[in-house]
Amino acid sequence: MPNPGRKASHHLKRRSFLPAAWVCALFLACGLANATKLAADPFTLADARALAKTSSDGLKALDRQVDKAKFDVTRAASNLFPRINFAASGSWLANPAEGLTVGRGELGTFSIPGAGSFAMPDKDIEFMPGGTHAYVKIGATLTQPILTWGRLERSIDLARLQVQASAADLGKAERDIDRETKRAYHAALLTRESLPVVARLAELAKAISAKRLTAYSLGSVTQESVAEADATTASIASKLDQTRESLYTALASLAFLTGRDIAAEDLVMAFRTELPELDEAALLRQALANSRELVLTRLRLDQAKKKVELARADSPFLPNLGLTINAGVSGQKLPLVNANWTDTWNWDVTISVGTTIKLLDSGENLAAVGAASADAQSVDASLRQQERKLTLDLRRAVEAARKAASDLQETRARSIWLTLRAQNVQTAYEAEAAAQSDADGAKLQAEGSILDLLLARYRLEEALCDIETLVGVDFP
């Protein structure tokens, strides 16, 4: 009597030798169908990254900070050059100065026989005109620093360093925005590609639950088996809802970053499937040279050192020299209004060179120099710490990328095997050599392996993007 189990086993083995190429083609056709569809209006990752840089209000704000820092340089440099201040005032005097006038005849009279008497003086003589109630003063002052012991020059250097620091802040923010854009794009791709797979899993789980319920009514399975199928169906339905919501969130994040509403079908599959060559030593050199955080910290260190020099330039016993020129005119009669107005106006020019010397500040300058030096030492220690951390971060990123690539190879091989297994178990079930529950379970595992493969590709892509963010250069 023939052994049906042996026959089924032989049939299973014979069917398992399907060509691997056919299996891969079948797998790609059913599992990644959406990835091969051509979008009506394709929106690539490069498009998203370019839009994110131009539409970010945060980047625009930081760009304005760069402009502000440039104006601060101009303002600091202006202190090297002369300043002219103009002043004018008009006053009303309640008690103007009295004038000196000798009236006619105040000095007496004299007589000449035959000629008559004469008054002395014979008319009013005004020796000093009396003041008016109006008083006008106009003046200008020119000041020019001569010697400041380098304080002005160091202030300019600090302002220039701030321009570079603001630009480094902008560059760091651009890199962060770029990384967030990649993350949002990849999350949208992952959920878009996962959604139809999870939907198929949900439909398959519903069908399995219906079959279990029918089998239970016939008494061929237990109630526990029905409950297990229902639990699986509910779990996959929950996963479907979560995937759908994750897709909406990823698209919303992408719209926020790019300033454009994007349809899921317009995204173009961008997951890499192979690990590029990772020369860790070369990557570390690039990371140390291109790190925006390190550039910014180095600039902060330069600023801290300049502040030390600036504090030392304000030490006691260092005389400051400056030139002052004052020119002014004043008078009581309004020009071009009163007659003889020039008679009441005076002018003066004063040229002076002055100095100020700080003799005693009760330790204020020593404290300022000490505080600035401590700040410089703190920034220097922070710089060394960041360099070591960057080395460690790159090591971890390279490890994650290599692990993701290895996981992808394993997941791809496992997915092919599970696809073959599902086909063979289904064939065995049709030949009545396997149970329906085994065939259904194999189908669920095969479909689930497609999700695992998508997730493995996503993790490899994210790991490579982490390296690119650290080194500041995209892989070719």
| field | Short side-chain to backbone donor-acceptor contact, T54 and L51, under 3.5 Å | value | yes
| query | Side chain of S382, backbone of S378: donor and acceptor closer than 3.5 Å? | reply | no
| query | Quick check: are there more than 12 heavy atoms from other residues, nucleotides or ligands sitting under 6.0 Å from CZ of R402? | reply | yes
| request: On the 0 to 90° scale, with breaks at 30° and 60°, tag the H186-F271 ring pair as parallel, tilted or perpendicular. | output: perpendicular
| Side chains of S166 and Q65: do they bring a donor and an acceptor to under 3.5 Å? | no
| request: Can you see which heavy atom on A188 is nearest to which on L247, and at what distance? | output: O-CD1, 3.6 Å
| said: What I want to check is whether the side chains of T44 and D47 have a donor and an acceptor closer together than 3.5 Å. | reply: yes
| said: For the CZ atom on F475, are there more than 12 heavy atoms of other groups (residues, nucleotides or ligands in this structure) within a distance under 6.0 Å? | reply: yes
| field | N/O donor-acceptor pair under 3.5 Å between Y185 side chain and V268 backbone | value | yes
| query | With a 4.5 Å limit on heavy-atom distance, are the side chains of E174 and I177 in contact? | reply | no
| message | If the condition is side-chain hydrogen bond (donor to acceptor under 3.5 Å, both in side chains), which residues does K53 pass it with, not counting sequence neighbours? | response | none
| query | Does NZ in K358 sit with more than 12 non-hydrogen atoms of other residues, nucleotides or ligands closer than 6.0 Å? | reply | yes
| message | Looking at D466 and R396, is there a salt bridge between them, counting it only when a charged N and a carboxylate O are closer than 4.0 Å? | response | no
| field | Donor-acceptor under 3.5 Å (T233 side chain, A205 main chain) | value | yes
| message | Quick test of your reading: applying side chain to side chain donor-acceptor pair (under 3.5 Å), list the pairs with at least one residue in residues 140-158, sequence neighbours left out, ordered by first then second residue. | response | T141-N326, R151-N320, R154-E309, D157-K306
| task | Taking D380 for its side chain and L301 for its backbone only, find out whether a donor-acceptor pair lies under 3.5 Å. | result | no
| task | Identify the two heavy atoms, one from L464 and one from P276, that lie closest to each other, and give their separation to 0.1 Å. | result | CD2-CD, 3.7 Å
| said: Do the side chains of D176 and R292 get close enough for a salt bridge, i.e. N-O under 4.0 angstrom? | reply: no
| field | Whether N290 side chain and Q286 backbone form a donor-acceptor pair below 3.5 Å | value | yes
| field | Flag for R75-N79: side-chain donor and acceptor within less than 3.5 Å | value | no
| task | Answer yes or no: are there more than 12 heavy-atom neighbours, outside E364 itself, under 6.0 Å from its atom CD? | result | no
| Hey, is E265 close enough to R192 for a salt bridge, meaning N to O under 4.0 Å? | no
| field | Under 3.5 Å donor-acceptor, N346 side chain and S330 backbone | value | no
| task | Return yes if some donor-acceptor pair links the side-chain N/O of T419 with the main-chain N/O of A446 below 3.5 Å, else return no. | result | no
| Under 6.0 Å from the CZ atom of F81, do we count more than 12 heavy atoms belonging to anything else shown? | no
| message | If we count only N and O atoms by modelled type, under 3.5 Å, do the side chains of Q409 and R412 hold a donor and an acceptor together? | response | no
| Shortest non-hydrogen contact from D361 to P316? | OD2-CG, 3.9 Å
| request: Before accepting this row, confirm whether a basic side-chain N of the pair R49/D474 lies closer than 4.0 Å to the acidic partner's carboxylate O. | output: yes
| remark: For A401 and I467 the tightest heavy-atom approach is CB-CD1, 3.8 Å
| field | Nearest heavy atoms of L460 and L275, plus distance in Å | value | CD1-CD1, 4.1 Å
| request: Give a yes or no on whether R300 atom CZ has more than 12 heavy-atom contacts from other residues, nucleotides or ligands under 6.0 Å away. | output: yes
| query | I262 and T258: side chain to side chain contact (heavy atoms under 4.5 Å, CB included), yes or no, with the steps? | reply | CA-CA 9 Å; I262 302 161; T258 61; 3.7 Å; yes
| message | Does any part of the side chain of V379, heavy atoms only, come nearer than 4.5 Å to the side chain of K305, both counted from C-beta? | response | no
| query | Within the distance-only criterion (no hydrogens, no angle test), does the side chain of T411 pair as donor or acceptor with the backbone N or O of D407 below 3.5 angstrom? | reply | yes
| query | Okay, side chain of S56, backbone of A52: is any donor-acceptor separation there less than 3.5 Å? | reply | no
| Pair R298 + D302: basic N to acidic O under 4.0 Å | no
| request: Using distance alone, with no hydrogens and no angle criterion, decide if S238 and Q242 have a side-chain donor and acceptor under 3.5 Å apart. | output: yes
| task | Using a cut-off of 6.0 Å, state whether more than 12 heavy atoms not belonging to R244 lie near its atom CZ. | result | yes
| task | Taking the side chain as every heavy atom from C-beta outward, state whether R175 and E180 have any atom pair closer than 4.5 Å. | result | no
